[in-house]
Amino acid sequence: MNSTMTAAFLPGNSTVEMRTVPVPAPGHGEVLLRMKASTICGSDIRCIYHEHLGKGPEGYQGVIAGHEPCGQIVAEGPGCRRFKTGDRVIVYHISGCGVCNDCRRGYMISCTSEKYRRAYGWQRDGGMAEYMIAEEKDLIALPGVLSFADGAQVACGFGTVYEGLEKIGIDGNHAVLITGLGPVGLATGALCRKLGANKIIGIDVVPERMKIAIDLGLCDAVLASGPDNVAQVKALTGGFGVERAVDCSANAAARATAVRAARKWGKIVFLGEGGSVEINPSPDMIHDQKTVYGSWVTSTWLMEELVERLVRWNLHPADIITHRFPLDRAADAYALMASGKCGKVAVCQDEELTA
Ligand SMILES: [Zn+2]
Ligand SMILES: [Zn+2]
């Protein structure tokens with residue numbers, strides 16, 4: 001192994017800076033991963049790539065980018081208890097203190113330790129490099145039938161969606177509305193299919209994304225975003241509206257549509273980050289007995305459960321990856337993701353690049 005490696009940094013002016021840095025050595029309880037796949041998230045674009053907007057848990061500290069990493073262990077530090085060299089692993093993308101109440105629930109995303117909560121690609125080095133260091137406690141085993149690109153998709157996007165869908169519950173009685181058909185919305189369609197949803201309706205503004213949702217069979221109907229969306233969704237559902245709605249857009253109008261297009265007793269979950277929404281509680285929620293959930297990322301145990309289900313369902317999250325780039329073209333990968341004219345965008349190495 002070389003002593004130096006290439007890594008991508010995000011200076012915050014819609015560019016990517018490639019630097020040569022030392023290959024790090026794993027410390028106690030840590031492993032060194034050969035990176036195989038690292039996907040780009042909407043939050044990378046929103047909070048880091050264009051400008052450094054994030055504060056607190058979304059504050060980028062000038063580290064190696066990439067919080068959706070998946071790779072293979074090539075070295076272990078002392079004190080590892082389960083994972084070893086050769087294991088294929090997904091990295092749950094926030095490393096918590098491990099001993100606060102949130103960490104003990106597996107929700108390291110919500111770790112309350114200011115000193116020890118550090119997200120990969122935000123406050124500690126992430127996956128946009130040839131190698132990365134991860135803590136063993138943050139690893140999820142990647143089964144042999146799933147690719148590294150499948151795993152990268154679980155690290156953030158599919159995990160986040162699975163959590164939200166578990167909160168509202170999805171079954172064969174349900175018509176589901178998805179507002180926003182970016183990678184998170186497409187993942188919602190894919191998981192709702194496997195959970196047995198009866199009808200899946202998507203809304204977006206980008207024609208490329210609407211087409212991907214239909215071409216991959218992730219939505220039964222796709223609507224262009226507009227003022228008639230609530231009436232259109234009701235027309236597609238016997239005049240009632242959907243039993244479940246998932247907002248993946250963070251757009252104010254789309255969020256209101258998700259709430260208003262849900263039928264009586266409907267459940268709505270907000271996954272998209274940022275922005276605002278204006279609803280009229282009495283007509284939009286209270287009188288129709290609706291529940292709105294917020295859901296942030298997932299827990300390590302639910303991520304492990306999702307991986308098990310993916311195998312059972314023969315569902316490959318990498319199917320919504322539309323573009324793969326080698327590490328030295330990371331700049332092109334971020335620029336494409338920022339354009340929105342794509343599904344998921346991945347930076348890959350070795351066998352994952354040619355897959
Ligand atoms: Zn993400
Ligand atoms: Zn903690």
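Every value quoted in this text rests on a predicted model; they were computed, and no experiment measured them. This chain uses plain numbering: 1 for the first residue, then up along the sequence. When a ligand or atom number is given, it counts from 1 through the structure's own listing order.
No single ILVMFWY cluster, assembled from side-chain heavy atoms under 4.5 Å apart, contains both I170 and I201.
The aromatic rings of H93 and H67 lie tilted to each other, with the angle between the two planes from 30° to 60°.
Residue Y116 qualifies as open at atom OH: its count of foreign heavy atoms under 6.0 Å is 12 or below. Remark: R105 CZ is loosely packed, at most 12 non-hydrogen atoms of other residues, nucleotides or ligands lying under 6.0 Å away.
Considering only residues two or more places apart in sequence or on other chains, K267 meets the salt bridge (Lys or Arg N to Asp or Glu O under 4.0 Å) condition with none of them.
Listed by chain and number, the protein atoms of type N/O/S under 2.8 Å from the Zn ion (ligand 2) are C97 SG, C100 SG, C103 SG, C111 SG; waters are omitted. For the Zn ion (ligand 1), the neighbouring protein N/O/S atoms at less than 2.8 Å, given as residue and atom, are C41 SG, H67 NE2, E68 OE2, C156 SG.
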Report, one line per pair, each donor and acceptor closer than 3.5 Å where one atom sits in a side chain of residues 144-156; sequence neighbours left out.
{"from": "S147", "atom 1": "OG", "to": "A149", "atom 2": "N", "distance (Å)": "3.4"}
{"from": "S147", "atom 1": "OG", "to": "D150", "atom 2": "N", "distance (Å)": "3.0"}
{"from": "S147", "atom 1": "OG", "to": "D150", "atom 2": "OD2", "distance (Å)": "3.2"}
{"from": "D150", "atom 1": "OD1", "to": "A318", "atom 2": "N", "distance (Å)": "2.8"}
{"from": "D150", "atom 1": "OD2", "to": "S147", "atom 2": "N", "distance (Å)": "2.9"}
{"from": "D150", "atom 1": "OD2", "to": "H316", "atom 2": "ND1", "distance (Å)": "2.8"}
{"from": "Q153", "atom 1": "NE2", "to": "P317", "atom 2": "O", "distance (Å)": "3.2"}

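At distances below 3.5 Å, at least one donor-acceptor pair connects side-chain atoms of E136 with backbone N or O atoms of F83.
Counting heavy atoms from C-beta outward, C70 and K36 have side chains that stay 4.5 Å or more apart.
For the residue pair T39 / K344, no side-chain donor-acceptor distance below 3.5 Å is found, with atom types taken as modelled.
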